[in-house]
Amino acid sequence: MAKHITILPGDGIGTEIMTEAVKVLDALIAKGLDVTYEQKLFGGAAHDSTGSCLPEDTLEACRACDAILLGAIGGPVYDKLPRDERPERGLLKLRSTLELFSNLRPAMLFPQLADASSLKPELVAGLDLMILRELTGGIYFGEPRGISTDDSSGNERRGFNTMVYTESEITRIAHSAFRIAMQRGKRLCSVDKANVLEVSELWREIVTTIGAEYPEVELTHMYVDNAAMQLVREPKQFDVMVTSNLFGDILSDAAAMLTGSIGMLPSASLDVAGKGMYEPVHGSAPDIAGQGIANPLATILSLAMLLRYSFDEAASADRIEQAVAKVLDQGLRSADIAADGESVSTSAMGDAVVLALST
Ligand code: NAD
């Protein structure tokens, strides 16, 4: 049976970049990819026409489908809404309703764009690293938390948070990471702080135990301080990294910046069954919305990730990634990645990827 995608273009450049990703999807469907899709309103656009950023109809479509492709949401006009009605709240609600606990943040650098990185080109050209961040547990959610004024001295406030993981939370992110490693280079590095934190000790023990179920994957462990150092020293040593919410938040942003271009980076959040929501790392870019100059490649690469990780369509994912590499080889650049100022429009970039798919 055909797999079904719910498409949420969203706001700002979201609609522009999604138009290009849909062109690519249509081209693959025309060549036999067994996928159907429908678009739904989400974010500020949904608020404008229904009064809700996440209308019930959209939520239902997201529940019922096999994967979701999101453009971007938000914009200055919606920042004036009451906090609970803002697009960002809709996104958090969607992630929590669908229990998307495994956040995939690839850092890929096409060799053609190696000059965009702040690191030396030879250190980053061809970088293809995947960071899995646990998204719904750890210190961002742990209890107790707060700022207390009832300390024994009576004259000092105390801020505190709790880093906590249950065995089942570690088990499911570990399985997610091993499965991703199996679909890539079969090398997994688990990042923790087991020399200091008991929660990391448990993390390391459970990841190691789960590893026995994936004998083909080479598992290593690294302390987070060393991982941060290694990311900027020799990032190409890694294939897949898995880590907790806090460590992943920091390491994935550092890794993203190794690539130098936010307009090129896809991401995903998966549930326990591998269903996911795929989206570019960037936001709705209100400063360039409506100008037809946004880079659609992060969204097109998000579609490739969707096909690879939720639909097991590695061949189609490879074709998209190769088509993107081909247009970069041809010298096509959107404004954000054009070093010499010569650039093509959003739609010209999308058309070029579609053309490259068929040649
Ligand atoms: P942003 O990522 O939208 O933009 C940051 C800078 O990068 C801007 O200069 C923008 O022009 C540029 N940029 C981003 N994507 C680009 C692309 N594809 N091509 C070319 N240039 C690109 O971040 P921001 O300005 O902090 O946020 C703008 C809005 O997006 C806010 O309302 C924010 O809440 C929202 N946002 C949404 C998401 C999401 O939908 N998941 C993520 C982040 C931010």
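This one's a predicted model, so the numbers in the text were calculated from it and none came from an experiment. Throughout, residue positions are numbered sequentially from 1 according to the sequence presented. Only heavy atoms go into these numbers, but all of them, side chains included; no hydrogens, no water, no symmetry mates. Counting starts at 1 for both ligands and their atoms, following the listed order.
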**OP:** Measure across Ala21 and Thr299 and return the closest heavy-atom pair with its distance rounded to 0.1 Å.
**Re:** CB-CG2, 3.9 Å
**OP:** Scan the protein's non-hydrogen atoms and note whether one is under 4.0 Å from atom 27 (O) of ligand 1.
**Re:** no
Subject >> Heavy-atom nearest neighbour in the protein, as seen from atom 14 (C) of ligand 1, with distance rounded to 0.1 Å >> reply: His282 CB, 3.6 Å
**OP:** Identify, for atom 29 (C) of ligand 1, the protein heavy atom at the shortest distance, and state residue, atom and that distance.
**Re:** Ser284 OG, 3.3 Å
Original post:
Of the protein's non-hydrogen atoms, which lies at the shortest distance from atom 7 (O) of ligand 1, and what is that distance?
Top reply: Ile262 CG2, 3.9 Å
Subject >> Carboxylate-amine/guanidinium contact Asp249 Arg133, below 4.0 Å >> reply: yes
Subject >> Residues Asp26 and Tyr37: side-chain donor-acceptor under 3.5 angstrom >> reply: yes
Original post:
Glu38 and Thr36: side-chain donor and acceptor closer than 3.5 Å?
Top reply: no
**OP:** Give the residue, atom name and distance (to 0.1 Å) of the protein heavy atom nearest atom 22 (C) of ligand 1.
**Re:** Ile288 CD1, 4.1 Å
Original post:
Between Arg184 and Glu216, is there a side-chain N and carboxylate O pair less than 4.0 Å apart?
Top reply: no
Original post:
Which of the atoms of ligand 1 are close to Ile13, meaning less than 4.0 Å from one of its heavy atoms?
Top reply: 15 (N), 16 (C), 17 (C), 18 (N)
Subject >> Presence of salt bridge, Lys40 and Asp57, under 4.0 angstrom >> reply: yes
**OP:** Could you list the atoms of ligand 1 found under 4.0 angstrom from a heavy atom of Gly75?
**Re:** 32 (O)
Original post:
Atoms of ligand 1 less than 4.0 Å from Ala72 heavy atoms?
Top reply: 40 (O)
**OP:** Distance to 0.1 Å, residue and atom name: give those for the protein heavy atom nearest to atom 25 (O) of ligand 1.
**Re:** Pro286 CD, 4.5 Å
Original post:
Are Asp351 and Lys23 within salt-bridge range, i.e. N to O under 4.0 Å?
Top reply: yes
**OP:** Mind checking whether Ile73 contacts ligand 1 via backbone (N, CA, C, O), side chain (CB onward), both or neither, at a 4.0 Å heavy-atom cut-off?
**Re:** both
Subject >> Under-4.0 Å heavy-atom contact with ligand 1, by part of Ile293 that carries it >> reply: neither
Subject >> Within 6.0 Å of CD in Glu122, more than 12 heavy atoms from elsewhere >> reply: yes
Original post:
ligand 1 and Glu279, any nitrogen or oxygen pair closer than 3.5 angstrom?
Top reply: yes
Original post:
Identify the closest protein heavy atom to atom 10 (C) of ligand 1: which residue and atom is it, and at what distance?
Top reply: Asp287 OD1, 3.4 Å
**OP:** List the closest protein heavy-atom neighbour of atom 38 (C) of ligand 1: residue, atom name, distance to the nearest 0.1 Å.
**Re:** Gly283 CA, 3.7 Å
Original post:
How does Asn295 reach ligand 1, by side chain, by backbone, by both or by neither, if only non-hydrogen atoms under 4.0 Å count?
Top reply: both
Subject >> Residues Arg83 and Glu88 bridged, charged N to O under 4.0 Å >> reply: no
Original post:
Can Lys236 and Asp128 be counted as an ion pair, charged N to O under 4.0 angstrom?
Top reply: no
Original post:
Starting from atom 34 (O) of ligand 1, which protein heavy atom do you reach first, and at what distance in Å?
Top reply: Glu88 OE2, 2.6 Å
Original post:
Just distances here: any N/O of Gly74 and N/O of ligand 1 closer than 3.5 Å?
Top reply: no
